[in-house]
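What you see is a predicted model, and the numbers here were worked out from it, not measured in a lab.
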Amino acid sequence: QVRLAESGGGLVNVGGSLRLSCAAADSTFNFNFYAIAWFRQAPGKERELVGAISRSGDTFYADSYYSDSERGRFTISRDNAENTVYRKMPRLTAEDTAVYSCAAAENYGYRTSKLYDYWGRGTQVTVSS
């Protein structure tokens, strides 16, 4: 179900930065109740998990996406007072070009997209040189 909305994507030069936001698409969705994950889908590739954050702010990041050298470059955080989850994306490269989507689940720690019940439509990040 589409119950979330992403924002903050756009066109940026290599080395630039973006901050993506994920929030409820309407006021009836109890956003702060859910663990929130970020997924990405690069051109010609399958959707993959980036990481997730719990209701209380615990986070994990998928080893399949983050290399040892890049681990922690992009961070996930949430502000429950604002009912928003963020993803900071500094020092962008062309490989970061993708559609980024957020998804919600009642439980924290899921690594499979099918386990997430609610989704946004995604926000496009395009990095150009």
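In this structure, Arg78 forms no cation-pi arrangement with Trp38, as its terminal cationic atom is not both closer than 6.0 Å to the ring centre and no more than 45° off the ring axis. Taking the ring centre of Tyr86 as origin, the terminal cationic atom of Arg19 falls inside the region bounded by 6.0 Å and 45° from the ring axis. Under a cutoff of 6.0 Å and an axis angle of 45°, Arg55 and Tyr34 do not form a cation-pi pair.
In this structure, the side chains of Gln124 and Tyr100 stay at 4.5 Å or more apart for every pair of heavy atoms.
For the side chain to side chain contact (heavy atoms under 4.5 Å, CB included) test with Leu18, the passing option among Val125, Thr123, Val127, Leu11 is Val125; the others fail. For the pairing with Tyr118, the ring-ring contact (aromatic ring centres under 6.0 Å, His included) check across Phe29, Phe33, Phe31 returns one residue only, Phe29.
Between the side chain of Gln1 and the backbone N or O of Trp119, no donor-acceptor pair lies under 3.5 Å. Judged by distance alone, with hydrogens and angles left aside, the side-chain atoms of Tyr61 form a donor-acceptor pair with the main-chain N or O of Ile76 at under 3.5 Å. A donor-acceptor contact shorter than 3.5 Å is absent between the side chain of Gln41 and the backbone of Glu48.
Between Phe39 and Tyr116, the two ring planes are perpendicular [angle over 60°; tilted spans 30° to 60°].
The distance from the CE atom of Met89 to the OG1 atom of Thr75 is 10.5 Å, given to the nearest 0.5 Å.
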Open item on the list: Assess the residue pair Asp117 and Arg3 against the criterion (side chain to side chain contact (heavy atoms under 4.5 Å, CB included)); give the C-alpha distance rounded to whole Å, side-chain angles, the decisive distance to 0.1 Å, and a yes or no.
Closed with: CA-CA 9 Å; Asp117 296 314; Arg3 300 295 302 275; over 6 Å; no

